[in-house]
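Keep in mind the model is a prediction, meaning the values are calculated, not measured.
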Amino acid sequence: MASRSPSALGGPLLAPRLSPAVPTWHPARAEAAPMEFSELIKTATVENVLLSRPGLPAVRGTLCITSHHLLLSSSPRGDLELWLLIRNVDAVEKRVSGSSGTITLRCKDLKVLQLEIPGMEECLNIASSIEALSSVDSVMMMYPFFYRPPGLRLQQGWHQSPLERYFQQVASQTSQWRLSTGNRDFSACPSYPPAVMVPAAVSDDTVAKAAAFRQGGRFPVLSYFHPKNGTALLRSSQPLTGPNRRRCREDEKLLGTILDEGERGFIIDTRSAQAAKQARMSGGGTEPKSSYPQWRRLHRALDRGRPLQESFIRLVEACAEQGMDRWLGRLESSRWLSHVKAALSTACLAAQCLDREGCKVLVHGAEGTDATLLVTALAQLILDPSCRSLEGFQGLLEREWIQAGHPFQLRCARSASSHGRGKQEAPIFLLFLDCVWQLSRQFPFSLEFGEQLLLTLFDNAYASSYGTFLCNNEKERSLCKVKESTHSLWAWLNQPEERQKYLNPLYSHNPLVIWPSVEPQSIQLWQGLFLRWIRPSQHLDEAWAEIRRLVEGNNSSTKESAGKRLSLTFPDPTAGTRNGR
């Protein structure tokens, strides 16, 4: 083939320079893998295929299907190669007419592609092959186990140990916490990492007994230590009190040890009071006042699971609407911006309790793997300037999402277009990224990273060449040998030439707490994600390039002027149609 120039068809990090005839198999699977996948590929190559994408010229060429990629090489010169990671395909829609057919691919990153394929049989075979390959659910058969990018070595970037490094930071400020390795064999909690931060006065035996009293073994652990006043943010799952209000002395001791005599703490329950009460009937519940007298419970209901997934689906459908009036109405009815507001509001509540009230806070819902992590991670971004640096944000994601046991494989198995909708999918991590984008928009100088990083994280959470977001917890990653057999996304992003793409040119270190506005007019649609493939971004890209040029001298007044210029150039089209107005 002629010179390769993979386009954005595969999205960021999804366009490796591979020859479709020579896939880069993992050496240990050099024979087994091709045989496994070849059974799923009914037709490997089709000539004269026309690819259409919204807002871009159509491309005609040769379509090839490999074990993990869809490749279109343009004809007649073959000077353009377009790659799509098949794992990125969320839904396949086919329409046959006469001797040809059309396949519409709806991708997890919200891209929509249309392939016009000559030959009815070829069309049906291609559609069937893509459906089968995109649905392979064996983790060790996924592309990260076969991808070998140039310039990176295995295990690079995996051993950053963000939790251990963070504990060293906490230990330099207080002796009230210790790093417990009581979960080193995952026996206490299968979804926690081997090491967690617990009160120094509590033994591992007490921790193990407290774990048996919490759903999924997720006992209270330290999430964040606020150095300003020595307060602490903890997270856990719900206690298993049940209808008989069962007690656990060890759990009571663990939480009681955290508070001094006469001191009060807050438990922020991410369920409604009614939902928490109903959970008691199935064995769950809340911490009763009689057993936890120093803790005051606050309920802040955050939707998760099916309601959040349905909201995401409705929003994506609304963004595809052409008529402006109808689009705004459907945007409103999707309630996505309401979820963003609720998440930011709850994170602000946790941050205020820590920073302004000087109180310790425990956050939990039922399982403690979704809305709980959303709140604790956002609260740290609000409070801690170190989490707003590029390196600090990566560490936050590792501690509060990946190592903390957010089930990425379950939650991100499908995106907004899948026809086979399961019960476990939910865009809770996307909601977090949206909230971070809201912070970056309201405080354009305070985050070292820009929108491109958030988009890249979204893309890779749903379909990736890297192993960072594989599996549901550290135990599964250990069993699958993810860290030994796949490359880390952080290793790729932190290469000097890559890192530069994700930096915010307007960044200036802000040591203060950043309190976001949650007023209806302040919460805006994240156009860069939800309209990414619908509206051309050429002018926005040019504007950012101009801003980079203007701030090369690191002049603060120039930065402020550039920031204002950007906001004036790209106003929010949904202003005046916010939830609650």
- request: Walk me through it: do Phe449 and Phe393 pass the test ring pair (Phe, Tyr, Trp, His ring centres under 6.0 Å)?
  value: CA-CA 9 Å; Phe449 51 90; Phe393 187 62; 4.3 Å; yes
message: Looking only at side-chain N and O atoms, does Arg304 offer a donor or acceptor that is under 3.5 Å from a partner on Thr270?
response: yes
query: Leu163 pairs by side-chain contact (heavy atoms from CB on, under 4.5 Å) with which of Glu400, Met197, Glu398?
result: Met197
field: From CA spacing to verdict: side-chain contact (heavy atoms from CB on, under 4.5 Å), Val513, Ile382
entry: CA-CA 6 Å; Val513 177; Ile382 291 169; 3.8 Å; yes
- prompt: Going by atom types alone, do Gln380 and Arg399 pair a side-chain donor with an acceptor below 3.5 Å?
  reply: yes
task: Please determine if Arg87 forms a cation-pi arrangement with Tyr143, meaning its NZ or CZ atom is less than 6.0 Å from the six-membered ring centre and no more than 45° off the ring axis.
output: no
Which side-chain N or O atoms in residues 429-436 pair as donor and acceptor under 3.5 Å with protein atoms at least two apart or in another chain?
residue	atom	partner	partner atom	Å
Asp434	OD1	Gln438	NE2	3.0
Asp434	OD2	Trp336	NE1	2.8

field: Value rounded to 0.5 Å, distance of OG1 in Thr376 from CG in Leu234
entry: 10.5 Å
task: Assess whether side chain to side chain donor-acceptor pair (under 3.5 Å) is satisfied between Arg411 and Gln424, documenting all intermediate values.
output: CA-CA 6 Å; Arg411 300 293 182 262; Gln424 296 287 345; 3.1 Å; yes
field: side-chain contact (heavy atoms from CB on, under 4.5 Å) assessment of Phe312 paired with Ile428
entry: CA-CA 10 Å; Phe312 177 36; Ile428 197 81; over 6 Å; no
query: Between the side chain of Ser311 and the main-chain N/O of Pro307, is any donor-acceptor distance below 3.5 Å?
result: no
message: Cation-pi check for Trp515 against Arg356: NZ or CZ below 6.0 Å from the six-membered ring centre and within 45 degrees of the axis, yes or no?
response: yes
- request: Assess whether side chain to side chain donor-acceptor pair (under 3.5 Å) is satisfied between Arg314 and Ser333, documenting all intermediate values.
  value: CA-CA 8 Å; Arg314 289 195 299 270; Ser333 64; 5.5 Å; no
message: Please check this pair: side chain of Ser485 against backbone of Lys481, looking for a donor-acceptor N/O pair closer than 3.5 Å.
response: yes
- request: Hey, could you give me the OG1/CG distance between Thr369 and Asn472, rounded to the nearest 0.5 Å?
  value: 9.0 Å
statement: On a heavy-atom basis, the closest approach of His487 and Arg148 is NE2-CD, 3.7 Å
- request: Answer yes when Arg499 and Glu391 have at least one side-chain N-carboxylate O distance shorter than 4.0 Å, and no when they do not.
  value: no
field: Sub-4.5 Å side-chain heavy-atom contact between Thr468 and Leu397
entry: no
message: Tell me whether Asp269 is salt-bridged to Arg300, with the criterion being a basic N under 4.0 Å from an acidic carboxylate O.
response: no
CA sep, side-chain torsions, deciding dist, call: Leu331, Phe530, side-chain contact (heavy atoms from CB on, under 4.5 Å): CA-CA 11 Å; Leu331 170 63; Phe530 294 109; over 6 Å; no
query: Is the closest side-chain donor-acceptor distance between Glu367 and Ser237 under 3.5 Å?
result: no
message: Ignoring hydrogens, what is the shortest heavy-atom contact between Leu308 and Asp303? Give both atom names and the distance.
response: CD2-O, 4.1 Å
field: Ionic contact status for Arg388 with Glu448, cut-off 4.0 Å
entry: no
- request: State plainly whether the residues Glu451 and Arg441 are in salt-bridge range, i.e. N to O under 4.0 Å.
  value: no
message: I need the minimum non-hydrogen distance between Asp370 and Pro407, along with the two atoms involved.
response: OD1-CD, 4.3 Å
query: Is the closest side-chain heavy-atom distance between Arg235 and His364 below 4.5 Å?
result: no
message: Using side-chain contact (heavy atoms from CB on, under 4.5 Å), reason through Leu349 and Ser345 one step at a time and then give a plain yes or no.
response: CA-CA 6 Å; Leu349 173 63; Ser345 297; over 6 Å; no
statement: Residues passing the side chain to side chain contact (heavy atoms under 4.5 Å, CB included) test with Asp384, sequence neighbours excluded, are Tyr224, Ser386, Cys387
message: Any heavy-atom pair between the side chains of Thr66 and Leu71 that's under 4.5 Å?
response: no
message: Could you measure the distance from the CG atom of Leu84 to the NZ atom of Lys111? Nearest 0.5 Å is fine.
response: 6.0 Å
- request: List the atom of Arg532, the atom of Gly528, and the distance in Å for their closest heavy-atom pair.
  value: CB-O, 3.1 Å
query: Do the ring centers of Phe469 and Phe408 come within less than 6.0 Å of each other?
result: yes
query: Does any non-hydrogen side-chain atom of Asp109 lie less than 4.5 Å from one of Trp533?
result: yes
- prompt: Is the shortest heavy-atom distance from the side chain of Leu470 to the side chain of Cys480 under 4.5 Å?
  reply: no
Any donor-acceptor N or O pair under 3.5 Å, side chains Ser446, Asn510: yes
query: Which pair of non-hydrogen atoms, one from Phe146 and one from Met141, has the smallest distance, and what is that distance?
result: CE1-O, 3.4 Å
statement: When every non-hydrogen atom of Cys471 is compared with those of Val139, the smallest separation belongs to SG-CG1, 3.9 Å
Side-chain heavy atoms of Pro444 within contact of Asn504, under 4.5 Å: no
- request: Please tell me if the side chains of Gln155 and Lys483 come closer than 4.5 Å, counting only heavy atoms from C-beta onward.
  value: no
message: One pair to check against side chain to side chain donor-acceptor pair (under 3.5 Å): Glu425 and Ser415. What are the steps and the verdict?
response: CA-CA 8 Å; Glu425 291 86 1; Ser415 186; over 6 Å; no
- request: From the options Arg218, Glu476, Glu474, select the one residue that forms a side-chain contact (heavy atoms from CB on, under 4.5 Å) with Ser191.
  value: Arg218
query: Between atom OH of Tyr507 and atom OG of Ser389, what is the distance when rounded to the nearest 0.5 Å?
result: 6.0 Å
query: Could you state the interatomic distance from CG (Leu233) to CG (Leu383), rounded to the nearest 0.5 Å?
result: 8.5 Å
query: Between Asp459 and Lys108, is the closest basic N to carboxylate O distance under 4.0 Å?
result: no
query: Stepwise, does the side chain to side chain donor-acceptor pair (under 3.5 Å) test hold for Ser488 with Gln156?
result: CA-CA 7 Å; Ser488 165; Gln156 181 181 345; over 6 Å; no
query: If you round to the nearest 0.5 Å, how far is CG of Leu115 from CG of Leu72?
result: 7.5 Å
- request: Flag the pair Trp158 / Thr486 as yes when at least one side-chain heavy-atom distance between them is below 4.5 Å, and no otherwise.
  value: yes
- request: Evaluate the ring planes of Trp83 and His69, with Trp represented by its six-membered ring, and classify them as parallel (under 30°), tilted (30 to 60°) or perpendicular (over 60°).
  value: perpendicular
- prompt: Are the side chain of Asn460 and the backbone of Thr456 linked by a donor-acceptor contact shorter than 3.5 Å?
  reply: yes
